[in-house]
J.: 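A single structure is presented below for examination.
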Amino acid sequence: MNIAMVLANAARAFADRPALCRGRETVHSYGAFLARSASLGTALRRRGLKSGARIGVFLSNRTEYFEILFGAWFAGLTVAPINAKLHAKELAYILDNCAASVLFTDIEGGLSQPGDVVDVDGDAYATMVSTPPDTLQPATAVPDDIAWLFYTSGTTGYPKGAMLTHRNLYAMTLSFLADIGPVEETDASLYPAPLSHGAGLLSLAHIVRGAANVVPESGGFSPDEIVDLINHYPGSSFFAAPTMVNRLVTSPAMEDTKVENLDHIFYGGAPMYLEDLKRALGLLGPRLWQAYGQGEAPCTISYLPPHMHLDTGDGRLDARLSSVGIPRTGVAVRVVDAEGRDLAPGEAGEVIVAGDVVMAGYWNNASATASALRDGWLWTGDVGTFDAHGFLSLKDRSKDVIISGGSNIYPREVEEVLLRHPAITEVSVIGRRHADWGEEVVAFVSATDPVTAEELDAFCIDNMARFKRPKIYRFLPSLPKSNYGKILKTELRALLASETAA
Ligand code: AMP
């Protein structure tokens, strides 16, 4: 079944409900959303595009994003949403990699691409979305057809396109409704996070239930604006990277928030540190859902629902809050050694995942597919442990583990400790080659108050094994982040490499 049925069904039941909103204003009802998407699908078909052709989407967050996703699916095509903050060369790489037939964009650098480019602010787009549709039914698709090429965020190496099939997107949507739902037509899903990533994928669970989809006027995240939208829309929820949750709860706007309007914040995509999470819980109450996923198993590996964020007096609260929770409905999760043997609770190994959410492979990249997908299991590249109660904790990406003097050091553990220091607002720990030790621990720190490396070292000596503590501190005003809110360790590594070269 074509994933576009999500919209075709919703538009019948909720034709007059607000579907696409810009800020406080409704732009299109579900009936109009369906008509415009079906029109776009017809217009794309008339360009001679065949099933499975790739459509690049290099667009800021705006309501048209949804029309383009569904328009392409209506026509049986594959979308390749591209992070709107990428450089023109990175964009060109992705368009070339997936041999995109058409690019939809509103970004200047994106418009200079060769080939068929549709300016979403131009007349051609307006004509496409008003073309009388041949049909209001989506093209036939089989479950293994590729619906979405999810280009990995590119924090390492060249981006790879995870092939997400119609089956994957349905499984993700059903698992959302099983674990996180219910969603109702009176709810509002807000999109301060990029639609090219988790936020766009998760929109499906809101569209299937006829909820309003609200894109902030700024197209991005600002605490004042998100508070204004929460106050306007009862039943609101949104996907946010942990750094966004931190910015929201530390903003003066927080005081004016009608917290009762907030159904939940779905946070994930990067570690949420314990101290930050406790502060957010103190202000928002049990309205936080944590999700662990990756592009290759979109947003759907494990979760920590609101009630598991509460202290039940069992003495395990901190362990739960530091974990990524329990496996999602319909997903199998194991922690294994390099040979694929299951490890006992408490032992760290690679997290592997199976289920209908797992991608079909990487686009045009047989060797990366063979190393990620083995015997039906997705090897996530994340190192984790299960505890005796079935809660999964992530240590780090396997490639981020620092090996110093033969001991494994998980940057996350060191970061958690340093974040407890009152002067520190952000920290990221990486390894640097060292002639005697193999690697040494380097901490990049952003601090609100003056603090010295010596003071931080003394703090580490009081709180962690000596061999884990950073040998070098670098102070920055803020740490480099992707527009998904992830701290970019690759940029920190490049900074260190340039220091060494100098
Ligand atoms: P991406 O494919 O860009 O979404 O990145 C996925 C990676 O982000 C995962 O493999 C994890 O390393 C990390 N990640 C995702 N969710 C979480 C989470 N809840 N806690 C910690 N790390 C996470």
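Remember, predicted model here, so these are calculated numbers, not experimental data. Residue numbers run from 1 in the order of the sequence given. Counting starts at 1 for both ligands and their atoms, in listed order.
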J.: With heavy atoms of P271 as the reference, note each atom of ligand 1 found under 4.0 Å away.
T.: 20 (N), 21 (C), 22 (N)
J.: Check this for me: does any side-chain nitrogen of one of R167 and D144 sit under 4.0 Å from a carboxylate oxygen of the other?
T.: yes
J.: Ligand 1 and F150, any nitrogen or oxygen pair closer than 3.5 angstrom?
T.: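 The answer is no, given that F150 and ligand 1 share no N or O pair closer than 3.5 Å.
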J.: Which ligand 1 atoms are under 4.0 Å away from a heavy-atom of G293?
T.: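 Matching atoms, with element in brackets: 6 (C), 9 (C), 15 (C), 16 (N).
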J.: Would you call the rings of H434 and W437 parallel, tilted or perpendicular if under 30° counts as parallel and over 60° as perpendicular?
T.: tilted
J.: Is the distance between the ring centroids of F176 and F266 under 6.0 Å?
T.: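 Between F266 and F176, which both carry aromatic rings, the centre distance is below 6.0 Å.
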J.: For ligand 1, is there an atom lying under 4.0 Å from some heavy atom of L394?
T.: yes
J.: Looking only at heavy atoms of K486, does any of them come nearer than 4.0 Å to an atom of ligand 1?
T.: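 It does, in that a heavy atom of K486 comes within the 4.0 Å cut-off of ligand 1.
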J.: Considering the heavy atoms of D382, write down every atom of ligand 1 situated less than 4.0 Å from one of them.
T.: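 Those atoms are 9 (C), 10 (O), 11 (C), 12 (O).
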J.: Below 4.0 angstrom from a heavy atom of G295, which ligand 1 atoms are there? Numbered from 1 as shown, please.
T.: 1 (P), 2 (O), 4 (O)
J.: Using only atom types and a distance under 3.5 Å, with no angle test, would you say the side chain of E415 pairs donor to acceptor with the backbone of S428?
T.: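 No; zero donor-acceptor contacts below 3.5 Å.
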J.: Ignoring hydrogens and angles, tell me if any N or O in the side chain of R287 forms a donor-acceptor pair with the backbone of V259 under 3.5 Å.
T.: yes
J.: Would you say ligand 1 has an N or O under 3.5 Å from any N or O of Q294?
T.: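 Yes: some nitrogen or oxygen of Q294 is under 3.5 Å from one in ligand 1.
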J.: I'd like to know if the side chain of N61 and the backbone of A193 have a donor-acceptor N/O pair within less than 3.5 Å.
T.: yes
J.: Counting heavy atoms only, which of G268, A270, P242, A241 comes nearest to atom 20 (N) of ligand 1?
T.: A270
J.: Show which atoms of ligand 1 fall inside a sub-4.0 Å distance from at least one heavy-atom site of Q290.
T.: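 Reading through ligand 1 atom by atom, the close ones are 18 (C), 19 (N), 20 (N).
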J.: Examine the side chains of Y292 and D382 and answer whether a donor and an acceptor come within less than 3.5 Å of each other.
T.: yes
J.: So if I count the atoms of ligand 1 from 1 in the order they appear, which ones are less than 4.0 Å from some heavy atom of A291?
T.: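 The atoms of ligand 1 under 4.0 Å from a heavy atom of A291 are 16 (N), 18 (C), 19 (N).
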J.: Is the F66 to Y191 ring centre distance short of 6.0 Å?
T.: yes
J.: Any idea which atoms of ligand 1 are less than 4.0 Å away from a heavy-atom of V324?
T.: 18 (C), 19 (N), 20 (N)
